[in-house]
2 protein chains.
Amino acid sequence: MAQFVNAKDDLVKEAIDGLLACSGGALARIDGYPHIKVVYRADWDRTKVALISGGGSGHEPAHAGFVGPGMLTAAVCGEVFASPSVEAVLAGILAVTGEAGCLLIVKNYTGDRLNFGLAAERARALGRKVEMVVVDDDIALPDLPQPRGVAGTLFVHKIAGAMAENGAPLVEVTAAARRVIANVASIGKSLDTCTIPGSPKENRIPAGKAELGLGIHGEPGVEQVDFSGAAEAMELVLDKLRPHVGDGPCVALVNNLGSTTPLEMSVLSHALTELGTATHVIGPAPMMTSLDMHGFSVSVLDVNEDEMAALAAPVPMAAWPGITKIGPVKVTPLPDGLTPIEPIPSENTRTRATIAHVADLLMSAEGALNELDAKSGDGDTGSTLATAARALKGSLDRMPLADLTQLFPALGNELSQTMGGSSGVILAIYFNAAGDACAGGAPVEKALREGLQRVSEVGGAQVGDRTMIDALAPALDALGQGLQAAAEAARAGADRTASIHTAKAGRAAYVPSENLKGHNDPGAEAVALVFEGLAKSLEG
Amino acid sequence: MAQFVNAKDDLVKEAIDGLLACSGGALARIDGYPHIKVVYRADWDRTKVALISGGGSGHEPAHAGFVGPGMLTAAVCGEVFASPSVEAVLAGILAVTGEAGCLLIVKNYTGDRLNFGLAAERARALGRKVEMVVVDDDIALPDLPQPRGVAGTLFVHKIAGAMAENGAPLVEVTAAARRVIANVASIGKSLDTCTIPGSPKENRIPAGKAELGLGIHGEPGVEQVDFSGAAEAMELVLDKLRPHVGDGPCVALVNNLGSTTPLEMSVLSHALTELGTATHVIGPAPMMTSLDMHGFSVSVLDVNEDEMAALAAPVPMAAWPGITKIGPVKVTPLPDGLTPIEPIPSENTRTRATIAHVADLLMSAEGALNELDAKSGDGDTGSTLATAARALKGSLDRMPLADLTQLFPALGNELSQTMGGSSGVILAIYFNAAGDACAGGAPVEKALREGLQRVSEVGGAQVGDRTMIDALAPALDALGQGLQAAAEAARAGADRTASIHTAKAGRAAYVPSENLKGHNDPGAEAVALVFEGLAKSLEG
């Protein structure tokens with residue numbers, strides 16, 4: 001599977017340099033490429049206890065993304081899924097450790113324990129005060145003597161980090177880290193394995209199954225279980241974690257293992273909050289990933305007041321999502337005004353006659369407009385307009401014909417309900433905007449022009465884009481000089497559309513230009529026919 | 001492809017409720033499920049200009065994840081990739097709009113324009129002050145009259161949001177939004193399509209190809225281009241964007257379209273910073289995703305001072321990654337102390353004889369120990385130890401034999417280099433820690449016990465775990481009473497390992513327990529043989 005990488009050997013180095021270049025000067029690294037890849041706080045002055053973590057890469061943002069005030073002082077990065085060397089860890093220790101000493105936070109993998117362990121010895125031999133803790137939060141195999149270190153490590157980073165930032169001595173920071181490690185429990189679940197750069201993807205998990213209790217290096221889960229949905233997946237995970245949860249405040253760290261979408265993570269969080277195991281949550285967010293694994297993990301920690309305060313202390317690193325109290329979903333009532341007020345019918349014989357006449361004109365043009373539309377579209381413009389016209393005619397007794405301020409929005413609502421689709425909404429916008437302008441005191445012509453202006457804004461079409469606007473805009477501009485002038489302007493505008501071969505809006509934008517040549521746009525034609533019909537009836 | 005969802009109809013509702021339950025009370029929603037899904041700021045008092053965005057779901061964290069102080073007031077959420085209804089948008093407007101009015105920020109898709117547009121008209125008819133802007137930042141098709149709205153929308157959210165938060169009037173907020181829209185340009189690139197929940201995944205992009213200029217709804221890209229790596233992919237994207245970049249400060253928003261790993265995003269960021277097009281960066285982070293699309297997009301905006309300040313204003317939403325100035329990678333020199341100081345050779349005939357004797361004992365036990373290891377492991381314990389013993393014997397002339405403080409770490413370094421693997425590192429830790437203790441004034445027996453203690457801590461093995469510790473620990477405890485006592489204790493400890501059927505550490509932890517029955521652990525046996533041999537030579 002292709003990935004956005006360059007040469008595999010440069011992958012981790014480039015990723016680190018990308019992180020640093022985008023850190024706004026907050027991060028620095030030691031000059032030890034390719035073997036020594038140590039990221040540390042650029043503002044570090046060695047006056048406080050240093051916190052150093054690291055391990056194989058492929059778990060980003062862990063650990064380099066959590067280097068900064070209030071969390072890690074340095075991250076020692078190995079190649080993807082490979083422990084950094086003793087020399088790299090030692091370089092990290094020597095670079096950041098002052099009189100206050102340092103704490104190494106190591107995930108429980110043999111390579112990491114040994115390389116960090118030996119580096120610690122060598123640093124001690126050089127006179128540095130070094131403590132080391134090993135995080136083993138994975139509860140996938142309850143009997144395993146060496147449980148893996150997974151996302152629960154973040155609790156150690158944050159709690160020990162807040163203490164160190166506040167100036168606590170090494171012995172206290174170490175004791176706090178050990179307390180967290182003794183209490184934290186994690187387990188992961190995944191629908192797919194991860195893709196190691198340069199290696200083919202293993203297809204281990206069959207359809208309908210999920211792996212429970214997997215590690216963060218693509219190693220198989222403890223068991224393959226049936227998968228029937230997010231809620232059940234979260235329930236199974238929480239069932240495993242519940243024995244580790246007491247009665248007090250419990251923080252759940254909800255970790256995206258890689259390629260689970262934010263939408264899925266929110267659905268999983270919803271299941272978590274419904275099940276009520278935790279009182280607080282960190283995430284959901286990618287914190288300790290396993291490359292692109294489509295899965296999640298939950299880590300739980302019963303916390304005391306000090307730990308809660310440490311978790312809540314703000315840090316500037318974007319990768320840390322913060323902690324929030326899980327609460328009920330706040331729901332407020334629907335606002336008033338959603339249902340259009342049914343207008344009170346009123347009479348105006350001239351308006352009634354005009355609307356009926358327009359409707360008749362559209363109904364009689366049904367066939368011709370369909371034929372025209374067939375040349376450039378799907379051939380239903382005539383039918384759509386005729387259907388709307390019939391409905392409009394049938395609605396006249398319900399219409400507030402005596403009051404344009406009310407009539408315009410009422411027409412708009414009627415059309416949007418009977419026409420449906422984009423055309424209905426566009427006409428609704430048109431008449432609602434016109435009504436709005438009327439209510440603001442505008443005369444009819446101006447109100448209709450404002451309606452058109454709003455349709456242009458919303459629909460994005462202008463004169464020249466081969467839409468009904470090409471006829472309607474000149475017609476409305478000319479309306480002040482009478483219906484005859486408007487009809488002539490509409491006709492000229494509609495006929496001009498035959499020479500617009502590139503539609504810029506509406507459905508015709510997707511039609512090859514040769515299909516458009518020589519045919520009027522059916523919407524513009526409909527407008528012209530209506531104005532012509534109205535003008536003719538006035539003459540007659 | 002399976003996903004962490006439940007019933008498809010509940011997907012967006014559950015995701016929203018998950019977001020709200022984990023918002024720490026910062027977010028509320030309107031009681032309008034299933035059709036009206038509006039998320040808004042729980043602390044909103046309607047005194048300032050409200051900013052409302054939204055559209056189809058599947059782009060999380062956009063838009064609900066950006067609701068909060070300094071960005072959006074409300075997000076109106078449709079189903080996945082489907083515009084919310086007029087009623088839903090209207091409900092959002094009515095819920096949050098006070099005297100100061102509101103600005104609708106709409107991505108340029110017909111459905112969104114129409115539904116937001118009509119809702120705006122209806123809200124105006126109800127007396128609300130409503131402005132609407134349409135974001136069309138996609139430059140995939142330079143000639144398209146209706147470019148799509150994609151990740152550049154975030155610039156509008158942030159800049160207009162900061163102004164509204166500062167109390168700017170609607171006319172100014174709207175003008176600022178329009179300026180951003182006029183200048184922002186975006187383009188995306190992807191290696192794979194997205195998976196729409198409930199639909200099969202389209203396999204549109206062949207191996208070796210990438211799509212350039214794709215939308216955020218799974219629609220095909222403008223072209224399929226050869227894909228040869230991250231650097232070239234970013235270069236192609238920046239080539240398209242460069243015509244939109246001037247000479248002043250330019251901010252690049254680097255967006256993860258879904259399932260690109262943080263490692264890949266950092267490699268892409270590295271390429272971006274190397275190419276020098278932008279002066280500042282937002283991200284990399286998932287901001288406007290397209291479900292699980294394996295791709296990225298870059299949006300660029302030339303900013304003035306006010307816009308830069310607005311982008312830099314801190315907001316509490318975890319989804320907003322902040323803005324940083326792109327800078328050179330800070331590199332600091334390697335610290336001193338990484339290379340072990342070559343010890344000055346010195347002589348002590350008794351120490352020399354003891355080490356040579358131990359080496360001889362191990363060499364002569366090679367066959368027996370291999371045989372024992374073959375029963376529970378890979379049969380090489382004897383050879384590994386014999387190789388190390390030979391190297392040790394050969395190194396005696398280089399050793400600081402007269403000074404235990406120096407000799408112990410020198411032995412450790414020699415062994416870690418000649419044995420390799422875990423055993424070498426473990427012995428290096430052992431002897432380094434012993435040397436450290438010696439340097440601190442501890443007598444030899446105590447120093448050796450401290451070494452063992454450190455190995456236990458680092459390796460995680462205790463007495464009873466069926467390792468060499470089962471012989472070494474009792475031997476060192478008895479050493480104060482003489483070598484004979486130590487030899488007896490080592491032998492008893494080694495023999496006890498034959499009855500330990502469940503190894504808890506080391507390689508034997510992975511061996512079925514029936515294979516372990518009745519055989520001594522080869523490491524423990526080696527320790528016993530060495531102590532027995534040393535005791536015997538003293539007698540003789």
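First the proteins, then the strands, lettered A, B, ... as listed; each starts at 1.
For a residue to count as touching a neighbouring chain, one of its non-hydrogen atoms must lie under 4.5 Å from one of that chain's; by this rule Leu11(B) touches chain A with backbone and side chain alike. Neither the backbone nor the side chain of Phe116(A) comes within less than 4.5 Å of any heavy atom of chain B. Using a 4.5 Å cut-off between heavy atoms, Thr332(B) contacts chain A through both its backbone and its side chain. Both the backbone and the side chain of Ala428(B) have a heavy atom closer than 4.5 Å to some heavy atom of chain A. If you measure heavy-atom distances from Ala2(B) to chain A, the contacts under 4.5 Å come from both the backbone and the side chain. For Asp436(A), the part sitting under 4.5 Å from any heavy atom of chain B is the side chain, from C-beta outward, and nothing else. Contact annotation for Leu126(B): only side-chain heavy atoms (C-beta onward) come within less than 4.5 Å of a heavy atom of chain A. In this structure, no portion of Tyr33(B) lies under 4.5 Å from any heavy atom of chain A. Residue Val38(B) does not touch chain A at all, counting heavy-atom pairs closer than 4.5 Å. For a residue to count as touching a neighbouring chain, one of its non-hydrogen atoms must lie under 4.5 Å from one of that chain's; by this rule Asp17(B) touches chain A with backbone and side chain alike. With a threshold of 4.5 angstrom between heavy atoms, Ala21(A) approaches chain B through its backbone and through its side chain.
When each of Ala125(B), Ala28(B), Ala91(B), Pro284(B) is checked for heavy-atom pairs under 4.5 Å with chain A, Ala91(B) comes out on top. Counting heavy-atom pairs closer than 4.5 Å to chain A, the top-ranked of the candidates Met293(B), Arg124(B), Glu232(B), Lys325(B) is Arg124(B). Note on Asn432(A), Val254(A), Leu118(A): by heavy-atom pairs under 4.5 Å with chain B, the leading option is Leu118(A). Ranked by heavy-atom pairs under 4.5 Å with chain A, the list Ser259(B), Ala42(B), Ala26(B) is led by Ser259(B). Between chain A and the residues Thr273(B), Val281(B), Val5(B), the largest count of heavy-atom pairs under 4.5 Å involves Val5(B). Ranked by heavy-atom pairs under 4.5 Å with chain B, the first of Lys13(A), Glu60(A), Glu121(A) is Glu121(A). Contact count against chain A (heavy-atom pairs under 4.5 Å) is highest for Val329(B) among Leu20(B), Asp336(B), Val329(B). Comparing Met132(B), Lys189(B), His294(B), Met265(B) by heavy-atom pairs within less than 4.5 Å of chain A, the highest count is held by His294(B). The candidate with the highest count of non-hydrogen atom pairs below 4.5 Å against chain B, out of Ile30(A), Ile205(A), Val12(A), is Ile30(A). Listed options Leu338(A), Val455(A), Asp292(A), Asp192(A) were ranked by heavy-atom pairs under 4.5 angstrom with chain B; first place goes to Leu338(A). If you tally non-hydrogen atom pairs under 4.5 Å between each of Gly208(A), Gly18(A), Ala230(A) and chain B, the highest count goes to Ala230(A). Counting heavy-atom pairs closer than 4.5 Å to chain B, the top residue among Ser269(A), Ala15(A), Gly229(A) is Ala15(A).
Leu114(A) is listed as a side-chain neighbour of Val458(B), based on a closest heavy-atom distance under 4.5 Å. Counting only heavy atoms from C-beta outward, the side chains of Thr324(B) and Ser23(A) never approach each other to under 4.5 Å. Between Leu263(A) and Val80(B), the closest side-chain pair of non-hydrogen atoms falls below 4.5 Å. Ser266(B) is not listed as a side-chain neighbour of Ile16(A), based on a closest heavy-atom distance of 4.5 Å or more. A 4.5 Å side-chain heavy-atom check between Thr289(B) and Thr261(A) finds every atom pair outside the cut-off.
Listed here is the closest heavy atom pair of Ala318(B) and Pro321(A): CB-O, 3.7 Å. Heavy atoms only, all atoms of each residue included: Pro335(B) and Ala95(A) are closest at CG-N, 4.0 Å.
Glu264(B) places a side-chain N or O within 3.5 Å of a backbone atom of Phe4(A) that can act as its donor or acceptor partner. Looking only at distances, no side-chain donor or acceptor of Lys330(B) sits under 3.5 Å from a matching main-chain atom of Leu27(A). Between the side chain of Arg122(A) and the backbone N or O of Pro409(B), no donor-acceptor pair lies under 3.5 Å. Under a 3.5 Å cut-off, the side chain of Glu14(A) and the backbone N or O of Val267(B) do not form any donor-acceptor pair. The main-chain N or O of Glu457(B) is found under 3.5 Å from a side-chain atom of Arg113(A) such that the two form a donor-acceptor pair. Between the Asn6(B) side chain and the Ala231(A) main chain, a donor and an acceptor come within less than 3.5 Å of each other.
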